[in-house]
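Notes follow the structure.
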Amino acid sequence: MATGTESPQQRGGVRTGTRAAITAPHLRTDRWWLAPACTAAGLLAFVVYSTWRAFANAHYYAAPYVSPFYSPCLAENCRAMRAGPNADLFGGWWGVSPAIIILIFPLGFRLTCYYYRKAYYRAFWASPPACAVAEPHRSYTGESRFPLILQNVHRYFFYAALLVAGVLTYDTVLAFRDEHYRWGHMGLGTLVFLANIVLIWAYTLSCHSCRHIVGGKLKHFSKHPARYRAWQFVGRLNARHMQLAWASLLSVALADFYVYLVASGVFDDPRFF
């Protein structure tokens, strides 16, 4: 409902309708720009790092560790990994880094994630840049038009993310071997992989799509006690979805970087037993 007191300069775009007739763009006096700036810096840093590592096609395997960016490895030009996640599905015609094949699934899951959408909409598109700060765009269509309407594929990327998390779990189990593939050993890399897979599963299961799959379309929770308990568990994770999104993003980059350091010979993986 309009107040009828808007000035002509305030008409157009998001500054019409119910916006208060004030001359200032907003009334916030705090450092509202700091949060979107930090978000943009963090996401940009990950994009730069992951792009470098994905196209490097080197230093992604140091027995028994394989980088999560390259797992599963689905091309013929993959490094040989004993009992590792090798599956030559793309043959010899695939000449670039095999990481490009698999990264589309976890990155697609994060790109369409409800939290990440809010984060990069605000950080990169200023839509809106912060609460109570009007966006600079003249119109707003939400996610009803191409290409943003494709964000609805998030639920399907969730299924792919489950498969990827399963493979990374397998990689973590293999991390309990030494460099000669003997079982019953644990190194520093094993702990890195354990921390990463816990955060990956926590982030994946905290997804809004997972919460809907577990408890959606139920009229009576009392008739479905198992699903109700699962819905409660996912709901508690969902309350920490933002923190888990950032923690798992950092952990997967650290796991890859650890493998890079070991594979490139910067240091040997310290062994506990």
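Keep in mind the model is a prediction, meaning the values are calculated, not measured.
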Is there a continuous path of hydrophobic side-chain contacts, each under 4.5 Å between heavy atoms, that joins Phe146 to Leu111? no

For residues Ala126 and Pro129, report the shortest heavy-atom separation together with the two atoms involved. O-CD, 3.3 Å

Atom CZ of residue position Arg28 - does it have more than 12 heavy atoms of other residues, nucleotides or ligands inside 6.0 Å? yes

Shared hydrophobic cluster, Ile104 / Leu249 (ILVMFWY, side-chain heavy atoms < 4.5 Å): yes

Intermediate values then yes/no, side-chain contact (heavy atoms from CB on, under 4.5 Å), Phe105 and Arg110: CA-CA 9 Å; Phe105 299 107; Arg110 290 182 184 266; over 6 Å; no

More than 12 heavy atoms of other residues, nucleotides or ligands under 6.0 Å from CZ of Arg182: yes or no? yes

Sorted by chain and residue number, the side chain to side chain contact (heavy atoms under 4.5 Å, CB included) partners of Arg271 (sequence neighbours excluded) come out as Pro64, Tyr65, Asp178, Glu179, His185, Asp269

Nearest 0.5 Å, please: how far is OH in Tyr228 from NE2 in His220? 14.5 Å

Counting distance only, does the side-chain N/O of Asp268 pair as donor-acceptor with the main-chain N or O of Val262 below 3.5 Å? no

Can you confirm whether Leu191 sits close enough to Met186 that some side-chain heavy atom of one is under 4.5 Å from a side-chain heavy atom of the other? yes

Nearest atoms (heavy-atom pairs only) where Leu148 meets Tyr121: CD2-OH, 3.7 Å

State, yes or no, whether a side-chain contact exists between Tyr120 and Leu43 at a heavy-atom distance under 4.5 Å. yes

By side-chain hydrogen bond (donor to acceptor under 3.5 Å, both in side chains) - contacts of Trp33 (at least two apart): none

Step by step, would you call Phe69 with Trp52 a ring-ring contact (aromatic ring centres under 6.0 Å, His included)? CA-CA 11 Å; Phe69 287 1; Trp52 165 60; 9.8 Å; no

Check: Asp171 and Pro85 side chains under 4.5 Å, non-hydrogen atoms: yes

To the nearest 0.5 Å, atom NE2 of His224 lies from atom NZ of Lys219 at 10.5 Å

Any donor-acceptor pair under 3.5 Å linking the side chain of Arg122 with the backbone of Arg117? no

Judged by modelled atom types alone, do Tyr181 and Arg82 share a side-chain donor-acceptor pair under 3.5 Å? no

If you define the side chain from C-beta out and look only at heavy atoms, does anything of Trp246 sit under 4.5 Å from Thr39? yes

To the nearest 0.5 Å, tell me how far Trp231 CH2 sits from Arg236 CZ. 10.5 Å

Could you grab the distance from atom CD1 of Ile197 to atom CZ of Phe193, nearest 0.5 Å is fine? 9.5 Å

Ser264 OG to Phe257 CZ distance, which is reported to the nearest 0.5 Å: 8.0 Å

Ring centroids only, cut at 6.0 angstrom: are Phe176 and Trp183 within range, meaning strictly under it? no

Ser71 (side chain) donor-acceptor with Ser67 (main chain) under 3.5 angstrom: no

Phe233-Ile200 co-clustered via ILVMFWY side chain contacts under 4.5 Å: yes

So with a 6.0 Å cut-off around CZ of Phe124, is the heavy-atom count from everything else above 12? yes

Indicate yes or no for a side-chain donor-acceptor contact from Asn196 to the backbone of Val252 under 3.5 Å, with no hydrogens or angles considered. yes

For Ser97, all residues meeting side chain to side chain contact (heavy atoms under 4.5 Å, CB included), sequence neighbours excluded: Asn57, Tyr70, Ala99, Ile100

Sequence-distant partners of Glu76, salt bridge (Lys or Arg N to Asp or Glu O under 4.0 Å), two or more places apart: none

I'd like to know if the side chain of Tyr116 and the backbone of Ala245 have a donor-acceptor N/O pair within less than 3.5 Å. yes

Smallest separation among heavy atoms of Ala161 and Thr204, with atom names: CB-CG2, 4.3 Å

Just checking, is any N or O donor in the side chain of Ser248 or Trp201 under 3.5 Å from an acceptor N or O on the other one? no

Test side-chain contact (heavy atoms from CB on, under 4.5 Å) on Arg53 and Tyr260; report intermediate values, then the result. CA-CA 9 Å; Arg53 287 294 293 138; Tyr260 167 77; 3.7 Å; yes

Student check: side-chain heavy atoms of Thr51 and Phe55 closer than 4.5 Å: yes

Distance in Å, Gln151 CD paired with Thr112 OG1, rounded so as to fall on 0.5 Å steps: 6.0 Å

Atom OH of residue position Tyr156 - does it have more than 12 heavy atoms of other residues, nucleotides or ligands inside 6.0 Å? no

Check whether any side-chain heavy atom of Thr172 sits under 4.5 Å from a side-chain heavy atom of Leu194, and report yes or no. yes

Transitively linked via ILVMFWY side-chain contacts under 4.5 Å: Leu44 with Leu254? no

I want to check something: taking the side chain as every heavy atom from C-beta on, are Phe109 and Leu162 in contact at a cut-off of under 4.5 Å? no

Hey, does the side chain of Arg240 reach the backbone of Leu237 with a donor-acceptor pair shorter than 3.5 angstrom? no

Identify every side-chain donor-acceptor pair in residues 205-212 under 3.5 Å, counting partners at least two apart or on other chains, and give the distances.
residue : atom : partner : partner atom : Å
Ser206  : OG   : Ala202  : O            : 3.2
Ser206  : OG   : Tyr203  : O            : 2.8
Ser206  : OG   : His241  : ND1          : 2.6

When clusters are formed by joining ILVMFWY residues with side-chain heavy atoms under 4.5 Å apart, either directly or through shared neighbours, do Leu103 and Tyr49 land in the same one? yes

Those residues that, when tested against Cys78, pass disulfide (SG to SG under 2.5 Å) (two or more places apart): Cys73

Set out, in order, the CA-CA distance, both residues' side-chain angles and the distance that settles side-chain contact (heavy atoms from CB on, under 4.5 Å) for Tyr258 and Phe267, then state yes or no. CA-CA 10 Å; Tyr258 186 87; Phe267 64 84; 3.7 Å; yes

Does some side-chain heavy atom of Tyr114 sit less than 4.5 Å from a side-chain heavy atom of Met242? no

For Ala75 and Trp94 the tightest heavy-atom approach is CB-CD1, 3.8 Å

